[in-house]
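Keep in mind the model is a prediction, meaning the values are calculated, not measured.
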Amino acid sequence: MYAVIFTAVIDQVDEDYSATAERMRELAFSEFGCLKFNACFENGLEIAISYWEREEQILAWKKHTEHLNAQQSGRDRWYKSYDVEVMKMVRNYHFERE
């Protein structure tokens, strides 16, 4: 399993940003096999972590036309800076209280 960690310093957030983020999440799940997606936004910082079975899925997602357009909008309008890290998961732990 792989994880993609996206960390961004926000410049501005608008209606288009929210709609685009929702669409990108929908595409990641429906067309590219994303297993899980968590995101949070606080104090001008966004952190999003997505989980994938195979690296090929991540690469295909990265090259998708709508995603490329969203990336450009991010650079032009929404983000001051961002980092993307792709990690291969070594192990995973889970706890759940009933």
Side-chain angles (χ1 to χ4, degrees):
M1 182 177 303
Y2 292 83
V4 176
I5 304 169
F6 175 82
T7 308
V9 176
I10 301 295
D11 188 27
Q12 67 174 358
V13 174
D14 56 24
E15 247 180 60
D16 195 30
Y17 173 86
S18 299
T20 301
E22 186 176 319
R23 174 65 179 152
M24 293 302 99
R25 182 185 292 230
E26 175 188 307
L27 278 173
F29 282 111
S30 66
E31 292 191 28
F32 295 95
C34 181
L35 301 171
K36 186 176 175 183
F37 191 102
N38 296 316
C40 64
F41 176 81
E42 183 177 24
N43 296 324
L45 183 68
E46 176 185 0
I47 300 171
I49 305 172
S50 57
Y51 298 88
W52 307 80
E53 193 66 40
R54 296 182 324 278
E55 188 175 15
E56 296 79 17
Q57 294 168 300
I58 299 166
L59 294 170
W61 164 237
K62 184 180 191 293
K63 296 175 185 176
H64 186 271
T65 302
E66 281 186 74
H67 193 205
L68 289 170
N69 291 336
Q71 291 171 47
Q72 189 61 52
S73 292
R75 287 188 293 273
D76 292 343
R77 298 166 39 199
W78 302 318
Y79 302 125
K80 290 181 183 177
S81 65
Y82 64 82
D83 293 293
V84 178
E85 301 168 296
V86 179
M87 311 286 184
K88 185 166 185 174
M89 193 174 300
V90 175
R91 70 182 60 80
N92 180 3
Y93 300 91
H94 175 77
F95 168 81
E96 186 173 330
R97 184 182 308 270
E98 290 187 30

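Taking both residues in full, the closest heavy atoms of Ala3 and Ile49 are given as CB-CG2, 4.3 Å, listed atom of the first, atom of the second, then distance. Listed here is the closest heavy atom pair of Lys62 and Gln71: O-NE2, 3.2 Å. Taking all atoms of both residues into account, the shortest heavy-atom contact from Lys63 to Leu68 is O-CD1, 3.4 Å. Annotation for Phe37 and Ala48: closest pair CZ-CB, 3.9 Å, computed over non-hydrogen atoms.
The environment of Glu22 atom CD is sparse: at most 12 non-hydrogen atoms of other residues, nucleotides or ligands sit within 6.0 angstrom. Residue Gln12 qualifies as enclosed at atom CD: its count of foreign heavy atoms under 6.0 Å is above 12.
Contact check for Leu27 versus Trp61: side-chain heavy atoms found under the 4.5 Å cut-off. No side-chain heavy atom of Val84 sits under 4.5 Å from any side-chain heavy atom of Ile5. No side-chain heavy atom of Met87 sits less than 4.5 Å from a side-chain heavy atom of Met89. By the 4.5 Å heavy-atom criterion applied to side chains, Glu53 and Leu35 are counted as neighbours.
One distance of note links OG1 of Thr65 with NE2 of His67; it measures 11.5 Å at 0.5 Å rounding. For the atom pair CD of Glu26 and CD of Glu66, the computed distance is 8.5 Å after rounding to the nearest 0.5 Å. Ser30 contributes atom OG, which lies 6.5 Å from atom CZ of Arg23 (distance to the nearest 0.5 angstrom).
The six-membered or imidazole ring of Tyr2 lies away from that of Trp52, with a centre-to-centre distance of 6.0 Å or more. Ring to ring, Phe6 and Tyr79 are close: their centroids are under 6.0 angstrom apart.
Under the rule for a salt bridge (charged side-chain N to carboxylate O under 4.0 Å, His left out), the partners of Arg77 that lie at least two apart in sequence or sit in another chain are Asp14, Asp16. Every residue was checked against the salt bridge (charged side-chain N to carboxylate O under 4.0 Å, His left out) condition with Arg75, not counting sequence neighbours, and none meets it.
Connection of Ile58 to Tyr82 is established within a shared hydrophobic cluster, with ILVMFWY side chains joined at heavy-atom distances below 4.5 Å, either directly or through further cluster members. Taking hydrophobic clusters as Ile, Leu, Val, Met, Phe, Trp and Tyr residues chained together by side-chain heavy-atom distances below 4.5 Å, Phe29 does not share a cluster with Val4. Cluster membership for Ile10 and Met24, using ILVMFWY side-chain heavy atoms within less than 4.5 angstrom, is shared. Cluster membership for Ile47 and Tyr51, using ILVMFWY side-chain heavy atoms within less than 4.5 angstrom, is shared.
Within the 3.5 Å criterion, the main-chain N or O of Val86 finds no donor-acceptor partner in the side chain of Glu55. Between the side chain of Gln57 and the backbone N or O of Phe32 there is at least one donor-acceptor pair closer than 3.5 Å.
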